[in-house]
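Each chain gets a letter, A, B and so on, in the order the sequences are listed, and its residues count up from 1. Values in this document were obtained by computation on a predicted structure and should not be read as measured data.
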Protein chains: 4
Amino acid sequence: MTESPGAREAGVRRNREALLAAAAAVFVEQGVQAPIRDIAGRAGVGLGTVYRHFPNRAELVIAVYRHQIEECVALASALQRESIAPGEALTRWIGAFVEFLVTKHGLGVALQSEDPSLITLHALMLEKLVPACASLIAAGVSAGEIDPSVTAYTLMRAVGNLCILGPGYERAHAQDMVARLLVGCRSAR
Amino acid sequence: MTESPGAREAGVRRNREALLAAAAAVFVEQGVQAPIRDIAGRAGVGLGTVYRHFPNRAELVIAVYRHQIEECVALASALQRESIAPGEALTRWIGAFVEFLVTKHGLGVALQSEDPSLITLHALMLEKLVPACASLIAAGVSAGEIDPSVTAYTLMRAVGNLCILGPGYERAHAQDMVARLLVGCRSAR
Amino acid sequence: MTESPGAREAGVRRNREALLAAAAAVFVEQGVQAPIRDIAGRAGVGLGTVYRHFPNRAELVIAVYRHQIEECVALASALQRESIAPGEALTRWIGAFVEFLVTKHGLGVALQSEDPSLITLHALMLEKLVPACASLIAAGVSAGEIDPSVTAYTLMRAVGNLCILGPGYERAHAQDMVARLLVGCRSAR
Amino acid sequence: MTESPGAREAGVRRNREALLAAAAAVFVEQGVQAPIRDIAGRAGVGLGTVYRHFPNRAELVIAVYRHQIEECVALASALQRESIAPGEALTRWIGAFVEFLVTKHGLGVALQSEDPSLITLHALMLEKLVPACASLIAAGVSAGEIDPSVTAYTLMRAVGNLCILGPGYERAHAQDMVARLLVGCRSAR
DNA sequence: AATGAATGAGGATTCATTCAT
DNA sequence: GATGAATGAATCCTCATTCAT
């Protein structure tokens with residue numbers, strides 16, 4: 001009778017989070033096209049529950065990644081407010097982006113997919129991430145540290161691609177390759 | 001009824017080649033996961049004929065790309081025999097590899113796929129391409145032009161990834177990014 | 001906490017009526033097979049509440065239409081008590097029935113559906129409406145105005161069918177067709 | 001070796017016809033929305049075979065009914081060429097249409113369905129049947145036998161509706177009701 | 001009583017693969 | 001050898017219905 005009032009809501013939130021965690025894990029293992037049923041199974045819920053929380057695959061994919069995308073955006077602002085060299089700011093930011101991508105592998109593929117169910121994710125990157133990156137690049141260009149012909153979208157795509165991992169090409173390799181790519185983006189002077 | 005004995009074999013070979021051409025084209029348009037039926041249709045043969053020639057998708061994928069992989073290998077030898085700077089040789093060879101990859105888009109993805117049906121393709125890369133690349137790198141390192149910490153497999157994977165194209169990230173962008181990556185692979189000194 | 005004892009019951013009745021109104025509206029828009037959830041949403045109540053009040057779809061359908069069916073029955077008695085020609089009484093009564101059917105489109109289909117979830121509605125028609133109609137017909141036959149071979153059930157079914165509307169076949173068309181059907185039911189004399 | 005050349009084609013055609021027969025039967029029992037699997041089962045073939053022959057439900061529905069629709073159209077021409085009274089021609093033609101409809105019950109519903117998968121069937125009726133009927137009506141109007149305010153589309157819809165059968169409302173009842181409707185369509189004079 | 005989250009059966013559709021001709 | 005018809009597993013998604021709170 002005297003029930004904690006939010007017991008239900010708590011359960012719902014727990015389910016939602018179990019789903020997000022399960023989805024993230026399954027995406028890592030099978031990619032973002034994994035069967036919805038697998039995600040339901042991993043989360044320990046019924047198939048319908050997935051659809052209740054996320055009416056289609058795209059919603060789920062976005063929910064899985066939106067938070068981290070927004071953290072990346074916030075980091076870009078923070079770095080620009082610090083008193084560090086713009087080139088260094090870009091390097092650190094890309095480092096964080098890489099960290100994000102290699103943690104959720106599968107996202108590298110998803111971010112650049114032409115799959116109609118994932119356009120929204122792609123759009124999210126375009127809207128949020130690309131401007132953040134562009135602003136860091138602009139600062140670096142002004143400081144004479146970054147080659148002015150580097151564009152944010154291309155760089156993000158390239159970094160995204162470099163973060164598609166596989167056996168024998170792990171996180172550290174991706175980090176190394178991205179670092180070298182950034183060397184190649186420095187101002188030719 | 002009374003056919004010249006070689007007529008049959010000629011027809012078989014012609015079919016095989018039509019299939020390889022069709023598969024290459026379809027892979028470019030739809031990726032290596034395209035429905036087998038589409039390939040049969042494009043080649044103007046029956047579905048069963050595809051399976052007769054290539055018992056599974058991997059065989060077909062490999063057959064499609066083996067020739068070009070071998071050309072790449074041959075090019076590496078040729079470049080080493082020429083009297084050009086080893087760094088330049090590596091650059092040219094990677095350029096040719098990029099050319100190969102962006103022409104067959106879909107292959108970038110395939111090359112690093114963990115998909116069981118494509119492991120053989122991956123193995124082929126390991127066996128043939130990696131040694132060729134390693135030898136060019138070794139020469140560059142000896143000449144003090146290439147950073148000794150660069151490994152062939154990682155570089156090939158990275159280049160392969162950078163060649164996964166999409167709308168807004170086309171051939172020229174990939175070429176640019178690969179060039180910058182190579183800048184970052186030069187000897188630090 | 002301390003509610004007046006009847007407050008609860010009043011709320012229950014209000015819910016029940018909101019549901020009937022919502023169901024009627026949704027049946028018009030989507031037919032009697034509309035998702036129960038849509039009805040709950042339209043009524044502004046939870047899904048469970050629908051099931052509490054109406055354990056299955058048939059109960060709900062019947063509840064929605066029973067009142068109007070009974071009005072039709074009452075009208076038949078009233079018309080017979082008036083001093084008008086029996087044929088005219090039948091015509092007017094069928095007119096009212098048509099009005100009922102076309103206002104609730106979806107009912108036309110429901111009335112004659114073999115769908116097990118709707119048999120009860122069909123039974124209701126049989127029990128109530130058919131006798132009412134039969135009595136009007138009998139009077140018309142006695143007066144020599146109606147063809148004695150016309151049976152109530154068949155006529156009701158026919159009228160019900162004629163009232164299944166659709167684009168290009170609207171209320172006025174149904175009324176016209178029903179009128180012509182009644183012309184064909186007049187005594188051949 | 002010496003196979004009858006058309007053995008395969010014959011089997012295919014037999015399958016196709018088995019499917020049409022099965023579909024017709026299942027449509028009668030369950031309506032045109034019956035599960036495709038039921039049709040496959042009734043025809044004794046796999047599910048995929050249905051889709052091979054008829055890529056979607058609409059194709060199947062149309063295939064089932066097209067032939068008879070065209071026969072109806074042909075009959076209209078034939079009747080007009082005969083030297084019978086136009087009103088009689090219309091009556092006979094409608095009689096044939098009724099015969100068609102009651103034989104395939106389920107079609108009555110389908111013909112006037114707003115279901116997007118059945119628009120083509122509806123379109124077929126509009127294109128073929130309505131003009132045929134209109135021409136018979138026009139002749140009847142010219143001869144002073146048919147009420148000029150009767151339109152072909154409305155009449156066809158009405159007849160279609162009257163042919164939606166059910167328990168207690170069988171073929172003979174539909175025929176009777178249609179006959180009475182036609183009486184009501186005669187010239188008022 | 002009311003709620004709405006969870007469940008899972010049901011039905012459509014696609015496509016790899018087999019095999020009789 | 002070639003063909004393509006047939007098959008059915010796999011997957012998506014919807015919705016009726018139950019039940020804990």
- Between C:His53 and D:Gly48, who's closer to the 5' end of DNA chain E by nearest nucleotide? C:His53

- For DNA chain F, the dot-bracket notation using Watson-Crick and G-U wobble pairs below 3.5 Å, [ ] for pseudoknot-type crossings and | for other-strand pairs, is .||||||||||||||||||||

Output the rounded distance in Å from [atom1] ([X]) to [atom2] ([N]).
{"X": "A:Glu17", "N": "E:dA5", "atom1": "CD", "atom2": "P", "result": "15 Å"}
{"X": "C:Phe54", "N": "E:dA2", "atom1": "CZ", "atom2": "P", "result": "11 Å"}
{"X": "D:Tyr51", "N": "F:dA5", "atom1": "OH", "atom2": "C1'", "result": "17 Å"}
{"X": "A:Arg14", "N": "F:dA20", "atom1": "CZ", "atom2": "C1'", "result": "13 Å"}
{"X": "D:Asp38", "N": "E:dA9", "atom1": "CG", "atom2": "C1'", "result": "15 Å"}
{"X": "B:Arg16", "N": "F:dG1", "atom1": "CZ", "atom2": "C1'", "result": "15 Å"}
{"X": "A:Glu59", "N": "F:dC13", "atom1": "CD", "atom2": "C1'", "result": "15 Å"}
{"X": "A:Gln33", "N": "E:dT14", "atom1": "CD", "atom2": "C1'", "result": "15 Å"}

Can you tell which of [options] lies closest to the side chain of [X]?
{"X": "A:Arg52", "options": "F:dA5, E:dA5, E:dA2", "answer": "E:dA5"}
{"X": "D:Arg8", "options": "F:dT3, E:dA2, E:dA5", "answer": "F:dT3"}
{"X": "B:Leu47", "options": "E:dA20, E:dT17, E:dA1", "answer": "E:dT17"}
{"X": "B:Val12", "options": "F:dT14, F:dG1, E:dT3", "answer": "F:dG1"}
{"X": "D:Val45", "options": "E:dA12, F:dT7, E:dT3", "answer": "F:dT7"}

- Query: Is any side-chain N or O of A:Thr49 closer than 4.0 Å to OP1 or OP2 of E:dT7?
  - Reply: yes

- Can you tell me if the side-chain N/O atoms of A:Asn56 get under 4.0 Å from OP1 or OP2 in F:dC13? no

- Message: Using a heavy-atom cut-off of 4.0 Å across all strands, would you classify A:Ala10 as base, sugar-phosphate, or nothing?
- Response: nothing

- Query: Across the strands shown, which category fits A:Ala34 at heavy-atom distances under 4.0 angstrom: base, sugar-phosphate, nothing?
  - Reply: sugar-phosphate

- Query: Relative to the 5' end of DNA chain F, which residue comes earlier, C:Ile36 or A:Ile36, by the nucleotide with the nearest heavy atom?
  - Reply: A:Ile36

- Note on the structure: By nearest-heavy-atom nucleotide on DNA chain F, the more 5' of A:Pro35 and D:Val50 is D:Val50

- Query: Do A:Arg37 and F:dT11 share a donor-acceptor pair, side chain to base, under 3.5 Å?
  - Reply: no

- Query: To the nearest 0.5 Å, how far apart are CG in A:Leu124 and CD1 in A:Ile62?
  - Reply: 6.5 Å

- Which distance, rounded to the nearest 0.5 Å, do you find between the NE2 of D:His122 and the CE of D:Met125? 4.0 Å

- Task: Mind running side-chain contact (heavy atoms from CB on, under 4.5 Å) on B:Glu59 and B:Asn56 for me, showing each step along the way?
- Result: CA-CA 6 Å; B:Glu59 297 286 341; B:Asn56 53 54; 3.1 Å; yes

Nearest non-hydrogen partners of [X] and [Y], listed with the distance:
{"X": "B:Asp38", "Y": "B:Val26", "result": "O-CG2, 4.2 Å"}
{"X": "C:Val64", "Y": "C:Gln68", "result": "O-OE1, 3.6 Å"}
{"X": "A:Ala34", "Y": "A:Arg57", "result": "O-NH1, 2.8 Å"}

Which atom pairs, donor and acceptor, lie under 3.5 Å between side-chain atoms of residues 41-54 of chain A and protein residues at least two apart or in another chain?
{"unit_1": "A:Arg42", "atom_1": "NH2", "unit_2": "A:Glu29", "atom_2": "OE1", "d": "2.7"}
{"unit_1": "A:Arg42", "atom_1": "NH2", "unit_2": "A:Glu29", "atom_2": "OE2", "d": "2.6"}

- Query: Can you list the steps and then say if D:Leu60 with D:Leu20 is a side-chain contact (heavy atoms from CB on, under 4.5 Å)?
  - Reply: CA-CA 8 Å; D:Leu60 178 54; D:Leu20 287 173; 4.3 Å; yes

